[in-house]
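See structure below.
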Amino acid sequence: MEYEGILLGMGNPLLDISAVVDQDFLNKYDIKPNNAILAEDKHLPMYEEMTSKYNVEFIAGGATQNSIKVAQWMLQIPGATSYMGSIGKDRFGEEMKKNAKDAGVNVHYYEDESPTGTCAVCVLDGERSLVANLSAANCYKVDHLKQPENWALVEKAKYFYIAGFFLTVSPESIQLVAEHAAAKNKVFSMNLSAPFICEFFKDQQEKFLLYMDFVFGNETEARTFSKVHGWETDNVEEIALKISQWPKASGTHKRITVITQGADPVVVAEDGKVTLFPVILLPKEKLVDTNGAGDAFVGGFLSQLVLEKPIADCVKAGCYASNVIIQRPGCTYPEKPDFE
């Protein structure tokens with residue numbers, strides 16, 4: 001089988017500005033633990049403050065980009081993955097290009113006049129909270145996707161993954177890819193990504209849910225999705241099942257919902273039933289931060305999915321990848337995986 005360009009991701013490439021902070025800092029900027037939000041005006045000074053006050057690390061991030069990089073790392077097949085998104089023509093943008101190249105991902109960035117997007121990663125007691133200042137990432141245009149050299153990546157790919165965060169940037173691009181996947185019987189997957197996406201981008205999310213063959217998310221996002229849709233249940237297994245039974249645009253593939261729950265078992269809903277897969281437990285002292293844990297899970301999962309492995313193997317690979325990532329700062333990994 002030809003694996004070149006088999007997996008394509010689209011999303012918001014962001015440079016993570018990561019630091020261990022204190023509760024006062026979180027309170028000052030009204031940041032809740034284990035959340036992800038878009039920066040408002042009140043958050044803008046925090047990037048400077050973090051850089052001057054704490055020991056910060058700059059790590060190439062962005063949810064979809066993280067997942068694609070992890071899938072590439074797990075696969076160890078040159079050129080198996082591609083990615084599109086928008087960066088700035090600046091130092092951070094150059095960093096991003098270098099990092100993607102080192103990761104072995106075939107990136108086709110749109111380059112915008114605004115600065116490369118950043119994401120403040122506030123870590124406290126190992127839990128991460130994200131505040132994204134999209135900037136250039138917010139400027140991705142469907143015209144870039146339509147350029148022949150970029151659309152060629154879509155034609156070539158058999159699996160697509162787009163984080164829910166991209167709904168706020170270019171729904172037109174998602175529409176083109178989703179319709180292509182349905183027409184060509186390819187596999188289209190997205191992530192619930194954050195409570196605010198489920199709440200404030202409900203209509204767009206519902207529109208593309210029709211096309212999703214795989215829906216990823218965590219327990220908080222699943223519960224928010226349930227609340228927004230008036231399902232009146234907090235039971236993650238029930239919610240995963242209901243999402244999997246949502247109508248589909250194409251009948252080629254059934255929908256499978258995969259919900260992670262931190263240290264609790266992964267919930268997989270398909271064919272009207274739910275299976276629980278325990279995760280690899282990590283002693284607290286080994287936890288560095290949970291930044292990128294969900295992204296890494298998806299990357300590991302997709303790495304086996306494109307190899308047409310059974311779902312149990314996909315989940316196992318997802319758990320392996322996230323276990324590696326939470327023992328390191330940000331979404332970073334050793335040179336080679338030792339996944340069996």
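Along the sequence shown, residues carry numbers from 1. Any value given below was found using the heavy atoms of this structure, including those in side chains, with hydrogens, waters and symmetry copies removed.
Contact detail for S193 and E221: the closest heavy-atom pair is O-OE2, 2.9 Å. Taking both residues in full, the closest heavy atoms of E237 and V274 are given as O-CG2, 3.6 Å, listed atom of the first, atom of the second, then distance. Residues Q72 and P78 come closest through the heavy atom pair NE2-CA, 4.1 Å. Across all their heavy atoms, C198 and T224 have their closest contact at CB-CG2, 4.0 Å.
Within 6.0 Å of NZ on K98 lie no more than 12 heavy atoms contributed by other residues, nucleotides or ligands. No more than 12 heavy atoms of other residues, nucleotides or ligands sit less than 6.0 Å from atom NZ of K286. Counting non-hydrogen atoms of neighbouring residues, nucleotides and ligands closer than 6.0 angstrom, the CG atom of D125 reaches no more than 12 such neighbours. The number of heavy-atom neighbours closer than 6.0 Å to CD of E285, taken from other residues, nucleotides and ligands shown, is above 12. The number of heavy-atom neighbours closer than 6.0 Å to CG of N27, taken from other residues, nucleotides and ligands shown, is above 12.
Between N34 and T220 the shortest side-chain heavy-atom distance falls below 4.5 Å. Proximity of V123 to S18: side-chain heavy atoms (C-beta onward) are separated by under 4.5 Å at one or more points. Residues N35 and L130 have side chains not in contact (no heavy-atom distance under 4.5 Å, counting atoms from C-beta outward). For the pair S189 and F216, the minimum side-chain heavy-atom distance is below 4.5 Å. At a threshold of 4.5 Å between non-hydrogen side-chain atoms, the residues L145 and M84 count as touching. Between V298 and D295, every side-chain heavy-atom pair lies at or beyond the 4.5 Å cut-off. Side-chain contact between Q175 and F208: present, with at least one pair of heavy atoms (C-beta onward) separated by less than 4.5 Å. Residues L302 and M74 fail the side-chain proximity criterion, which asks for heavy atoms closer than 4.5 Å.
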What's the verdict on side-chain hydrogen bond (donor to acceptor under 3.5 Å, both in side chains) for Q327 and N323, showing C-alpha distance, side-chain angles and the deciding distance? CA-CA 7 Å; Q327 297 181 60; N323 185 264; 3.1 Å; yes
Checking E155 against K184 for the salt bridge (Lys or Arg N to Asp or Glu O under 4.0 Å) test, could you report, in this order, the C-alpha distance in whole Å, the side-chain angles of both residues, the deciding distance, and whether it holds? CA-CA 9 Å; E155 294 281 357; K184 304 280 190 197; 5.1 Å; no
Could you please spell out the steps behind the side-chain hydrogen bond (donor to acceptor under 3.5 Å, both in side chains) verdict for Y54 and E49? CA-CA 8 Å; Y54 304 106; E49 187 176 334; 5.4 Å; no
Kindly indicate, with the supporting measurements, whether the criterion side chain to side chain contact (heavy atoms under 4.5 Å, CB included) is fulfilled by V131 and Y29. CA-CA 10 Å; V131 184; Y29 289 105; over 6 Å; no
Could you give me the CA-CA distance, side-chain angles and deciding distance for N106 and T81, then say whether side chain to side chain contact (heavy atoms under 4.5 Å, CB included) is met? CA-CA 6 Å; N106 176 22; T81 63; over 6 Å; no
For V306 and K158, what are the C-alpha separation, side-chain angles and deciding distance, and is it a side chain to side chain contact (heavy atoms under 4.5 Å, CB included)? CA-CA 8 Å; V306 304; K158 293 190 172 61; over 6 Å; no
Pair F58, F92 - check ring-ring contact (aromatic ring centres under 6.0 Å, His included), show working. CA-CA 9 Å; F58 293 93; F92 286 168; 5.8 Å; yes
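Considering SG of C331 and CD1 of I326, their distance stands at 12.0 Å, rounded to 0.5 Å. Between atom CD of residue E206 and atom CH2 of residue W246 there is a gap of 4.0 Å, rounded to the nearest 0.5 Å. Rounding to the nearest 0.5 Å places CD of Q205 at 6.0 Å from CE of M212. Here the straight-line distance linking atom CG of D16 with atom CG of D289 works out to 9.5 Å at 0.5 Å rounding. Distance check: C119 SG to N133 CG gives 9.5 Å after rounding to the nearest 0.5 Å. The line from NE2 of H229 to CD1 of I239 is 11.5 Å long, rounded to the nearest 0.5 Å.
Put simply, the side chain of E238 never gets that close to the backbone of D234: no donor and acceptor are under 3.5 Å apart. Panel note: side chain D271, backbone K273; no donor-acceptor pair is recorded below 3.5 Å. Within the 3.5 Å criterion, the main-chain N or O of K42 finds no donor-acceptor partner in the side chain of E40. Between the side chain of W73 and the backbone N or O of P334 there is at least one donor-acceptor pair closer than 3.5 Å. The backbone N or O of A163 sits less than 3.5 Å from a side-chain atom of T64, completing a donor-acceptor pair. A donor-acceptor pair under 3.5 Å is formed between the side chain of H253 and the backbone N or O of N185. Formation of a donor-acceptor pair under 3.5 Å by the T116 side chain with backbone atoms of G88 is found in this model. Of the possible donor and acceptor atoms, one in the side chain of D112 sits under 3.5 Å from a partner among the backbone N and O of S114. The backbone N or O of E199 sits nowhere less than 3.5 Å from a side-chain atom of K227 that would complete a donor-acceptor pair. Side chain of D313 to backbone of Q304: no donor-acceptor contact under 3.5 angstrom is found.
In terms of hydrophobic clustering, with Ile, Leu, Val, Met, Phe, Trp and Tyr side chains grouped at heavy-atom distances under 4.5 Å, F188 and L307 are assigned to different clusters. Residues L209 and V228 fall into different hydrophobic clusters, defined by Ile, Leu, Val, Met, Phe, Trp and Tyr side chains chained together at heavy-atom separations under 4.5 Å. In this structure, I31 is not a member of the same hydrophobic cluster as L14, with clusters built from ILVMFWY side-chain heavy atoms closer than 4.5 Å. Note: the hydrophobic cluster containing I174 also contains I243 (ILVMFWY, side chain heavy atoms under 4.5 Å, direct or indirect links). The same ILVMFWY cluster, assembled from side-chain heavy atoms under 4.5 Å apart, contains both I17 and I37.
Salt-bridge check for R91 with E95: failed, with every basic side-chain N at 4.0 Å or more from each acidic carboxylate O. Using a cutoff of 4.0 Å between basic side-chain nitrogens and carboxylate oxygens, K53 and E48 are not scored as salt-bridged.
Ring geometry for F160 against H180 counts as perpendicular: the plane angle is over 60°, on a 0 to 90° scale with 30° as the lower cut. Taking the six-membered ring where the residue is Trp, Y140 and Y110 present perpendicular rings, their angle passing 60° and hence far from 30°. Using cut-offs of 30° and 60° on the angle between ring planes, the pair F301 and F214 is perpendicular. Relative orientation of the F196 and F165 rings is tilted, given thresholds of 30° and 60° on the angle between their planes.
Evaluated for a side-chain hydrogen bond (donor to acceptor under 3.5 Å, both in side chains) with E111, the options K97, K89, H144 yield exactly one hit, K97. With V279 as the fixed residue, the side chain to side chain contact (heavy atoms under 4.5 Å, CB included) test singles out one of V315, V266, T260: V266. For the salt bridge (charged side-chain N to carboxylate O under 4.0 Å, His left out) with D213, the lone residue among K248, K254, R255, K186 that qualifies is K248.
Remark: the E340 side chain and the Y320 side chain contain no N/O donor-acceptor pair separated by less than 3.5 Å.
Ring centroids of W151 and H108 are separated by 6.0 Å or more, keeping the two rings apart.
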